[in-house]
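I have placed the structure first, in the form of structure tokens, so that the comments after it can refer back to it.
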Amino acid sequence: MYNLRLLRQLRYSSVICNSTPPLRFLASQHKRRPQLGVVKSNQLEQLKANFFDSRNELNDDEWQSLRHTLIDSYKYIDAHNVDAYIIGLCGGAEQLQLAKSYVKFLKDQGKQPNGATLGRLLRVYSAAHGTRTLSDAEQSEILSICDTLRGAHDVLDATSCEHLIHGLVATKQHWQQAVPLLEMMKLTSSPTIAAYSVLAAKAFCVGDTELAWRLLEEMLTLRKLPKCEVYISLLDYIAENSSKLCTQLERLLRFLEHHDILISAKVGTRLLALAQQQPKHLQVTATRLERMGRCANCEQHLERVAISDAQFEQLRDSFLEKVLVGQDVFQKSTPEEVARFKQHVEQSAPYDCVIDGLNVAYSTGVKKPPEQLAKLLATVVRYFKERRKRVLVLGRQHMRNWSKQAMHYVHSNASVFFTNNLSQDDPFLLYATLRSGQETDFFSRDLMRSHAFLLGNELKPIFRRWQQEHQYSLVTQTQTGKIIVKEPIRYRLSVHQVGNVWHVPCCESYTPQMPESFEVPQRWLCLNIVK
């Protein structure tokens, strides 16, 4: 007999925010509603593990008690959304029968499951599809649910569209109906990574590679990183169609290269397996990098990250047009200050390094006294002075009041320009660095995300390569006052080809964000496509 004692003891947990608004499921709403079933309460997770994971069905009394207990115990669960929450709780791939059992219970009680509940049920079908091929009967059930949801409204909200997409891609013959639903999502919000990924993966699976690649390119335009399953689906397709290996794998590698994408270890493992399946066409070896970017497997050095002179000129000109003048500086500066700065640069450039003085000073903490901040800045200036570098230090007007001795050293060994206290430093820093030429470096911890974004998809990879080659930053300062500086990495950290060999960096696991800092990946693949 199912023991409901734990259910009766469940009380509202402080883990869930008291201010969570009630969930709404109107097809006309314009904002993406909260995803159901994502319940963070440890008590509910324990409930799921103890009672749902090992069962295929509950009897009517157990379902009824569960409904009442959840409504009584959780402020954000009411009679309208409790059914969707229950489907979410029993939403694992192996729990499709349990979810269907609950929907059957509702219908037996004379209750028609609402759209949110049916949408969550489609996600359970999708989860099951990820582990096995669904039966014809199960696919028919999916289509019936989809027809019910689509028949309720002419235009569906984004969340309902996403549920339908996940359900439809689990079918063999009707998955393409998901494509217009992705377009419908765009009416109210940007389609999610999950919606794009599941549809692109399906397209690769059935061999509609052009649709899949179009979706991937669209994702990256929206700065959304595809999930691992997309690449694995492509590699599975290649494994079954060896004649496509060369063209499709090269297209994947160039896609990863262009967008600076690191594949996960999971995708790397599938690439290694593909090489074992297709030894006549593909050779893949797990490797590591030795000093100066030398591959331990093929013993070739990775390509220099440096951009060409033509690319540098394009970057410099576009930066002036789109970032400095277009949208950045004049928001927090004045035309007079910009003109004064340009005149200063024209008179004193070129520099070997441009230092963001305030950024450097605050590197080890913003609450330190001005004397310590000034000393740290002077130490960084000394670092470059000892290397016979010509330096420009950018600062703010209030820095004039810092320690006279330390600031005297800065003024004596560097060109110095102070902006207004409210001005934005980064555009000035990048302008002076780019204006000084291809060999000039800069010193800052800032990752320059917004500036890279303003340059657009074509120039962003070029900017990132230039940034990697030229950015210094402070790691720490020891108790003795010595600084540890992170110097630029001069070889490429993204997928690229050296001769006939591709070098593919891997990260530990998938993350939805692009890596912003420049760290050398620990895992690499050395890959050769045999033509």
Side-chain angles (χ1 to χ4, degrees), residues 2 25 35-37 48 51-60 62-64 66-67 82-153 156 159-182 184 194-195 197-208 211 229 232-233 236-237 240:
Y2 181 42
F25 309 106
Q35 292 294 302
L36 295 174
K48 178 179 176 181
F51 298 95
F52 287 176
D53 289 356
S54 60
R55 303 190 64 173
N56 289 326
E57 61 180 352
L58 278 66
N59 62 42
D60 289 357
E62 290 170 333
W63 283 127
Q64 193 73 341
L66 176 59
R67 291 182 89 254
V82 64
D83 301 327
Y85 267 106
I86 290 175
I87 296 295
L89 286 173
C90 54
E94 71 286 354
Q95 294 172 323
L96 178 57
Q97 285 304 119
L98 185 60
K100 290 165 64 175
S101 167
Y102 181 67
V103 172
K104 180 179 181 301
F105 156 75
L106 291 177
K107 292 181 177 179
D108 289 345
Q109 297 292 313
K111 299 175 182 177
Q112 181 61 38
N114 62 23
T117 304
L118 293 177
R120 290 303 302 177
L121 181 58
L122 287 177
R123 302 298 280 264
V124 186
Y125 278 101
S126 179
H129 172 65
T131 61
R132 62 179 176 85
T133 301
L134 299 185
S135 68
D136 291 343
E138 289 170 328
Q139 294 181 50
S140 295
E141 292 164 3
I142 289 174
L143 294 176
S144 177
I145 296 171
C146 290
D147 289 342
T148 298
L149 291 174
R150 284 185 290 199
H153 302 280
L156 298 170
T159 302
S160 295
C161 287
E162 184 168 356
H163 290 326
L164 285 166
I165 290 170
H166 275 82
L168 288 167
V169 298
T171 68
K172 293 180 181 179
Q173 304 296 330
H174 303 275
W175 68 271
Q176 287 181 314
Q177 295 178 21
V179 177
L181 288 168
L182 190 73
M184 190 181 293
S197 293
V198 73
L199 186 51
K202 183 67 175 186
F204 276 133
C205 179
V206 300
D208 193 345
L211 171 61
E229 288 71 23
I232 291 174
S233 181
D236 288 344
Y237 169 74
E240 297 296 326

Next item on the list: Could you pull out the closest heavy-atom pair between L168 and A178, with the gap in Å?
Entry: CD1-N, 3.8 Å
Notebook entry, point to check: CD1/I145 to CD/E141 distance, rounded to the nearest 0.5 angstrom?
Noted result: 7.0 Å
Item checked: side-chain contact (heavy atoms from CB on, under 4.5 Å) between Q176 and V206, worked out -> CA-CA 11 Å; Q176 287 181 314; V206 300; over 6 Å; no
Next item on the list: First locate atom CG of L89, then atom CD of Q95, and finally report the distance between them rounded to the nearest 0.5 Å.
Entry: 9.0 Å
Check: What is the minimum heavy-atom distance between A93 and A128, and which atoms define it?
Finding: O-CB, 3.6 Å
Next item on the list: Check for a donor-acceptor pair, side chain of Q109 on one end and backbone N or O of L106 on the other, with a separation under 3.5 Å.
Entry: no
Next item on the list: Calculate, to the nearest 0.5 Å, the distance between atoms CG and CD belonging to L199 and E162 respectively.
Entry: 11.5 Å
Margin query: To the nearest 0.5 Å, what is the distance between SG on C90 and CZ on R120?
Written below: 10.0 Å
Next item on the list: Find out whether Y125 and H163 are in side-chain contact, i.e. whether some heavy atom of one side chain is under 4.5 Å from a heavy atom of the other.
Entry: no
Check: Between G167 and I142, what is the shortest heavy-atom contact and its length?
Finding: O-CG2, 3.4 Å
Notebook entry, point to check: Under 3.5 Å, is there a donor-acceptor pair between the D147 and S144 side chains?
Noted result: no
Check: Between E57 and K104, is any pair of side-chain heavy atoms under 4.5 Å apart?
Finding: no
Margin query: Run the side-chain contact (heavy atoms from CB on, under 4.5 Å) test on R132 and L96 for me, step by step, so that the C-alpha distance in whole Å, both residues' side-chain angles and the decisive distance to 0.1 Å come before the verdict.
Written below: CA-CA 12 Å; R132 62 179 176 85; L96 178 57; 3.7 Å; yes
Margin query: Any non-hydrogen side-chain atom of Q177 less than 4.5 Å from a side-chain atom of L181?
Written below: no
Next item on the list: Report yes if the side chains of S160 and L149 come closer than 4.5 Å at any heavy-atom pair, otherwise no.
Entry: no
Next item on the list: Could you check if a side-chain atom of D108 sits within less than 4.5 angstrom of a side-chain atom of F105, using non-hydrogen atoms only?
Entry: no
Next item on the list: Calculate, to the nearest 0.5 Å, the distance between atoms CD and CG belonging to E138 and L143 respectively.
Entry: 12.5 Å
Check: How close do A99 and I87 get, heavy atom to heavy atom, and via which atoms?
Finding: O-CD1, 3.6 Å
Margin query: With heavy-atom distances below 4.5 Å as the criterion, would you say the side chains of L122 and H166 are in contact?
Written below: no
Checklist line | Nearest-0.5 Å distance that lies between atom CG in L121 and atom CZ in R123 | finding: 12.0 Å
Notebook entry, point to check: Which atom names give the shortest non-hydrogen contact between S233 and C205, and what distance separates them?
Noted result: OG-N, 3.3 Å
Check: Do V198 and H129 have side chains that get closer than 4.5 Å, going by heavy atoms?
Finding: no
Checklist line | V124 and L98, any side-chain heavy atoms less than 4.5 Å apart | finding: no
Item checked: Listed partners of Y102 passing side-chain hydrogen bond (donor to acceptor under 3.5 Å, both in side chains), at least two apart -> R67, D83
Check: Got a sec, which residues hit side-chain hydrogen bond (donor to acceptor under 3.5 Å, both in side chains) with D208, two or more places apart in sequence or on another chain?
Finding: none
Notebook entry, point to check: Taking all atoms of both residues into account, what is the closest heavy-atom pair of V169 and W175, and its distance?
Noted result: CA-CB, 3.9 Å
